[in-house]
Q: 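Just passing along the structure, written as structure tokens.
FYI, side chains are in, hydrogens and waters are out, and symmetry mates aren't considered; it's all heavy atoms of this structure.
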There are 2 protein chains.
Amino acid sequence: MVSIREVAKRAGVSPATVSRVINGTANVDSIKKDKVLTVIHETGFKPNELARALFKKSSKIIGVIVPNIENAFFGELARAIEEEAYQNNYRILLCNSQNNTEKELLNIQTLNQLNADGIIIMTNSEDLASKIGPCQVPFVILDRKIEGLDEIAFIEADHYKGGRMATEHLLQCGCKNIVCMRGPQKFSSGQQRFLGYQDICKEYGLKEQWLDCDYDYEEGLRAAEELLSKFSDVDGILACNDMVAIAVYKVLLSKGFHVPEDIQLMGFDNIRFSKLFAPEFSTIIQPIREMGTLAAQVVVMHANGEPIQKENVFDVSLAERQTTRHTKEK
Amino acid sequence: MVSIREVAKRAGVSPATVSRVINGTANVDSIKKDKVLTVIHETGFKPNELARALFKKSSKIIGVIVPNIENAFFGELARAIEEEAYQNNYRILLCNSQNNTEKELLNIQTLNQLNADGIIIMTNSEDLASKIGPCQVPFVILDRKIEGLDEIAFIEADHYKGGRMATEHLLQCGCKNIVCMRGPQKFSSGQQRFLGYQDICKEYGLKEQWLDCDYDYEEGLRAAEELLSKFSDVDGILACNDMVAIAVYKVLLSKGFHVPEDIQLMGFDNIRFSKLFAPEFSTIIQPIREMGTLAAQVVVMHANGEPIQKENVFDVSLAERQTTRHTKEK
DNA sequence: AAACAGGTTGAAACCGATTTCATATGGAGG
DNA sequence: CCTCCATATGAAATCGGTTTCAACCTGTTT
């Protein structure tokens, strides 16, 4: 691996000049410049990013901390972040936290030690803020709001509106007896969606019925069983996300229920599989790609000293598919 | 951010001594050692990893290049790699190549410039080898074999056996007219699975019928249409992977076919969704987690100078689920 | 011819760690 | 008491870049 000093020697100039040529930070005599470029080409010289990052205090690395990369929702977000980062010449350091606060902290520390330019975090740890030590790296909080982290921006979808739309849609599809499988109430996502559900129930004079369910498939299986044993005559279910909706569907199927004939079902997120599944899931569309893209952009803009908007709430919309049946004659 | 010199000054020792304390590379007087540890604790000092990596020529970063992180198969592999790397105090730099050779090359270059300790690559670019410039970083090739890269190890499942097992299973389930949707023939995965199919056909005196299909959902939709228009009386389909199997299922459903009554269907990979889907997909189980784990282990072992086995082929097995129907009385 | 402006250039310091090497210290052995 | 050796320690070099700063041109103005 050839160094900048080696290039300088071969081109008969100083390392400073080579640096100026590769970075365009100052004028260089065009003859020398050509000579340097030739040598660079000949030797295949590439500046060592570590050395550069060490001096500049910026490694062009963005840390992305997700609870679980296997979860399609986070996979899709990660993909969008990666793509936008790549466009801006940043790289992604991916950390899978497994909802493990210790692991998150360790990863944050590593990113700090690496002079990362930003950390985009999707976390479930409500007490994370209190445990973080001194950290230079700016945070962007994605998908769920948590308290106490002094993030530079937070990005989420309009969960409240989503909760309202989903509930209202089930109503319009003829449901009289809707159960909400509400997500974790410690996060804004769970709270807001549930609030949306409650408000619609109040507005339409509907009975409010709910149970708690975490955001993953296994929890969905468990909660679906609980739901069936607890509530009778259910004709509409609001799952807290698409993975849970899939779990619910499978439980319903195994118990002999038909969807949407007997029970109608709404997901949330619009992960790719919600459309690939048979039947295709009616769900609330979060603009996953746009959210991921913005997260990466915010980090880049912050690094460039540009002003950024702190609160970013994305609009949601409804995908009416095969697990609900809109009575068109309404 | 406090530096090692600052710690040294406060503890009344030299930076060298502090370094020796944190790395345990030499004996240090226990009084001084305690003093240093106290100062480190007070100041919250964490050594800068960039500086360390620059000198050591090892950044404890493993590059992972996947064609598409949204694809569940790669998501699951990435997860396994991340976990094992984490256990060994390595971090993952994730690159999504979109099957774009340019992007892969750029990422390889970056990883090289970052003194990464290894690159685990799942690539579709057969001509990658010829385009890679000088690169210090050792490669591990995962899932598909490509020619010309001088990797330190390659890891894949026994695709040939998988192809045989899948075909034989369809036969035992009563299929007479099996079509193989074969994956890209430029990769060992596609070749070997197809070879397995062909060999079983020959052994049982079956007609060989196939068409080409890439490894993604959209391609699956296209190829399924082609299949139905090209072959009549099909009663068994060997999809090249699970995503394609899902696409095929949806096309069959829309055309009024019943699975497995009219047509039986086999996937490949055993991605998580193959079991979550309704119906659950019969498929060939690749030990995804084990493969990912080994990939990370190989990099770590190589970094430690330990000997490693170059060729690693993992055994596969069959998951008999709801898209095929084994006649038990056989 | 002296003074000055403007643009190039390289030596050296710097980023923050690690490691080499030479020196200082202390105890054992003659 | 002196030599010898082992151990502990810090100064300085190193990794490979970037940037500051002073020096050095070249040409223009007075």
Q: Determine, stepwise, if the pair B:Arg20 / B:Thr25 fulfils side-chain hydrogen bond (donor to acceptor under 3.5 Å, both in side chains).
A: CA-CA 5 Å; B:Arg20 289 190 261 258; B:Thr25 41; over 6 Å; no
Q: With side chain to side chain contact (heavy atoms under 4.5 Å, CB included) as the test, pick out the partner of B:Ile22 among B:Leu37, B:Val36, B:Ile40, B:Val7.
A: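 Among B:Leu37, B:Val36, B:Ile40, B:Val7, the one meeting side chain to side chain contact (heavy atoms under 4.5 Å, CB included) with B:Ile22 is B:Ile40.
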Q: Write down the distance between NZ (B:Lys35) and C1' (D:dT9), rounded to a whole number of angstrom.
A: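 Nearest whole value for this atom pair: 18 Å.
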Q: Verify the distance criterion only: is there a donor paired with an acceptor across the side chains of A:Gln286 and A:Asp269 at less than 3.5 Å?
A: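 The criterion, which ignores hydrogens and geometry beyond distance, is satisfied for A:Asp269 and A:Gln286.
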Q: Does the protein touch nucleotides 8-21 of chain C at the base, only the backbone, or not at all? Give it as B, S and - per nucleotide, heavy atoms under 4.0 Å.
A: SBBB--BBBBBBB-
Q: Nearest-Å distance, CD (B:Gln113) to C1' (D:dC15)?
A: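 That distance rounds to 16 Å.
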Q: Between B:Asn115 and B:Ser58, does any side-chain donor sit less than 3.5 Å from a side-chain acceptor?
A: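 Side chains of B:Asn115 and B:Ser58: no pair found under 3.5 Å.
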Q: Pick out which of A:Ile141, A:Asn71, A:Leu77 makes a side chain to side chain contact (heavy atoms under 4.5 Å, CB included) with A:Met122.
A: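 Among the candidates, only A:Leu77 passes.
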